Colleague: 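Before I ask anything, here is the structure I am working with.
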There are 2 protein chains.
Amino acid sequence: MPSHNWRNRFRGRGSRWTAPREAILNLLISTSKHMSAKEIYRSLLRIYPAIGLTTVYRTLDVLEQMGYLNKIPLGTGENKYELITDSSETHHHHLICTQCGRIIDYTDFEESELIKKAEQTLKTKHGFKITDYNFEFYGICKHCQERR
Amino acid sequence: MPSHNWRNRFRGRGSRWTAPREAILNLLISTSKHMSAKEIYRSLLRIYPAIGLTTVYRTLDVLEQMGYLNKIPLGTGENKYELITDSSETHHHHLICTQCGRIIDYTDFEESELIKKAEQTLKTKHGFKITDYNFEFYGICKHCQERR
DNA sequence: TTGGTATTGATAATCATTTTCAATAGCAGT
DNA sequence: ACTGCTATTGAAAATGATTATCAATACCAA
């Protein structure tokens with residue numbers, strides 16, 4: 001995805017395309033990891049020493065509002081973020097290790113189907129307009145189990 | 001569920017049964033709401049003016065460790081809690097209104113079945129030992145939709 | 001009743017995220 | 001390219017939820 005595409009997306013909603021935003025997006029695009037705001041910030045410091053943590057948060061906010069970013073609450077008050085790319089359109093879910101914080105993605109067709117159905121049901125039954133959902137398993141990952 | 005039952009559960013793990021803990025449990029039992037730590041604290045202040053917020057957090061911690069409490073992250077850093085009662089053994093899920101914070105419970109048999117299957121799959125496929133899960137929909141509730 | 005120790009509550013500390021605000025930089029219009 | 005408007009930026013302070021500290025208290029086994 002060429003960056004002028006992102007530029008246009010920002011411009012299209014009256015937002016400006018700036019150097020910090022480009023740096024943040026490049027990082028998010030290039031990584032397949034789920035990163036916290038601070039991880040993103042620290043990673044960017046190397047190539048963009050002037051960037052501020054505040055700006056990271058603000059850009060993540062904008063991306064979330066635009067619907068391009070997925071916020072994953074860890075339950076500790078910290079959140080991790082992942083870009084929603086075309087290839088991940090089929091929503092995937094998460095395994096969160098409560099020991100080391102590692103997040104493992106997985107996809108399950110059955111689940112995705114079920115969620116689509118559930119969305120409809122909830123809309124008609126509870127008058128609830130779904131904007132997002134979280135489906136996460138918490139537990140101990142293989143790595144941490146072997147460590148004890 | 002008589003309170004000596006709870007007393008025994010605490011004692012059984014080397015914990016003590018105290019007045020603050022009884023007050024907190026009585027509140028959690030009597031309400032059907034999902035409450036935040038601060039809501040619990042403020043509610044208890046009326047009948048137990050000496051109670052401290054710290055104690056509320058600690059008791060919630062113990063209950064969660066014992067497996068009797070469900071922690072629901074709101075995505076804002078705040079958590080809400082609900083007691084796991086016998087009648088809710090069939091795990092239910094949540095609709096969280098991102099506007100007013102309201103949480104609506106719902107149960108879906110299909111979902112519960114699917115989750116049980118998924119737990120098994122994840123264990124064998126990813127070596128992940130599941131301790132808990134969250135299945136939540138975020139959106140705008142009926143009430144808030146009508147307000148605009 | 002007593003002694004050991006878990007628990008308590010007030011206070012201070014953390015940690016992630018937001019707010020504030022003056023300086024800067026995009027960019028639309030010329 | 002120049003200008004002016006205003007969105008954006010980064011530093012610092014503020015907020016809000018949760019956790020750590022610590023001396024005093026209260027369970028409860030013996």
Side-chain angles (χ1 to χ4, degrees), chain A residues 3-4 6-25 34-66 69 71-81 96 98 101, chain B residues 3-4 6-25 34-66 69 71-81 96 98 101:
Chain A
S3 75
H4 69 268
W6 281 107
R7 178 190 152 102
N8 289 339
R9 288 179 182 175
F10 274 77
R11 300 287 298 286
R13 67 192 283 282
S15 293
R16 292 176 182 173
W17 183 243
T18 66
R21 289 180 174 175
E22 185 166 15
I24 291 167
L25 266 165
H34 309 76
M35 304 182 80
S36 69
K38 202 166 281 173
E39 282 169 346
I40 293 168
Y41 170 68
R42 274 200 280 260
S43 180
L44 286 176
L45 270 183
R46 298 174 202 155
I47 55 171
Y48 195 143
I51 203 166
L53 179 55
T54 312
T55 300
V56 173
Y57 276 110
R58 276 188 290 228
T59 302
L60 292 175
D61 249 18
V62 174
L63 285 171
E64 199 190 356
Q65 278 177 43
M66 290 197 292
L69 196 74
K71 187 203 261 187
I72 308 164
L74 255 53
T76 59
E78 196 187 6
N79 297 301
K80 295 223 169 187
Y81 302 88
I96 301 174
T98 52
Chain B
S3 75
H4 69 267
W6 281 106
R7 177 189 154 103
N8 291 339
R9 287 179 182 175
F10 273 78
R11 302 286 297 285
R13 68 192 283 281
S15 292
R16 292 176 181 172
W17 183 243
T18 65
R21 288 179 176 176
E22 185 167 12
I24 292 167
L25 267 164
H34 308 77
M35 303 182 80
S36 69
K38 202 166 282 175
E39 281 169 347
I40 293 168
Y41 170 68
R42 275 200 280 260
S43 179
L44 286 176
L45 270 184
R46 297 174 201 155
I47 55 169
Y48 195 144
I51 203 165
L53 179 55
T54 313
T55 300
V56 172
Y57 276 110
R58 277 187 292 228
T59 302
L60 293 175
D61 248 18
V62 174
L63 285 172
E64 199 189 358
Q65 278 176 43
M66 291 197 290
L69 197 73
K71 188 203 260 186
I72 309 163
L74 256 52
T76 59
E78 194 186 8
N79 298 301
K80 295 222 171 187
Y81 303 87
I96 301 174
T98 53

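As the structure is a prediction and not an experimental result, all values here were calculated from the model. Numbered from 1 within each chain, the chains take letters A, B, ... in sequence-line order.
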Colleague: Please determine if a side-chain N or O atom of B:Arg11 lies less than 4.0 Å away from the OP1 or OP2 oxygen of C:dA6.
Modeller: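 Looking at the OP1 and OP2 atoms of C:dA6, neither is under 4.0 Å from any side-chain N or O of B:Arg11.
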Colleague: Check whether any side-chain heavy atom of B:Glu22 lies under 4.5 Å from a side-chain heavy atom of B:Trp6, and answer yes or no.
Modeller: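 The answer is no; the side chains never approach within 4.5 Å.
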Colleague: So which of residues 53-60 of chain A are in contact with DNA chain D, with a heavy-atom cut-off of under 4.0 Å?
Modeller: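 Within residues 53-60 of chain A, the residues near DNA chain D are A:Thr54, A:Thr55, A:Arg58.
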Colleague: With a strict under 4.0 Å distance from non-hydrogen atoms of chain A, what nucleotide opens and what nucleotide closes the contacted stretch of DNA chain D, reading 5' to 3'?
Modeller: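 Under 4.0 Å from chain A, the extent on DNA chain D is D:dT6 to D:dA12.
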Colleague: Starting at atom CG of B:Leu63, determine the distance to atom P of C:dT7, rounded to an integer number of angstrom.
Modeller: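 Between P of C:dT7 and CG of B:Leu63: 12 Å.
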Colleague: Is it the case that the side chains of A:Arg16 and A:Thr18 hold a donor-acceptor pair, with the cut-off being a distance below 3.5 Å and no angle test?
Modeller: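 The answer is no; no qualifying pair exists.
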Colleague: 5'-most contact on DNA chain C: B:Pro20 or A:Tyr81, nearest heavy atom basis?
Modeller: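 Upstream on the strand: B:Pro20.
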Colleague: Taking the side chain as every heavy atom from C-beta outward, state whether A:Lys80 and A:Glu39 have any atom pair closer than 4.5 Å.
Modeller: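 In short, these two side chains touch, coming nearer than 4.5 Å.
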Colleague: What does B:Ala50 touch in the nucleic acid at a heavy-atom separation under 4.0 angstrom: a base, only the sugar-phosphate, or nothing?
Modeller: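 Sugar-phosphate contact only.
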Colleague: For DNA chain C, find the residues of residues 36-46 of chain B with a heavy-atom distance under 4.0 Å and give them by number; none if there aren't any.
Modeller: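 Correct list: empty, so none.
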Colleague: Does any non-hydrogen side-chain atom of A:Leu69 lie less than 4.5 Å from one of A:Val62?
Modeller: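 With C-beta onward as the side chain, the pair stays apart.
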Colleague: Need one value for A:Ser15: base, sugar-phosphate or nothing, where a base atom within 4.0 Å counts as base even if backbone is also close, heavy atoms only.
Modeller: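 Counting heavy atoms under 4.0 Å across all strands, the contact made by A:Ser15 is with sugar-phosphate only.
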Colleague: Going by heavy atoms in the side chains, are B:Leu63 and B:Leu25 under 4.5 Å from each other?
Modeller: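 Side-chain contact under 4.5 Å: yes.
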Colleague: Answer whether the closest heavy-atom distance between the side chains of B:Ile51 and B:Tyr41 falls below 4.5 Å.
Modeller: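 A side-chain contact under 4.5 Å exists here.
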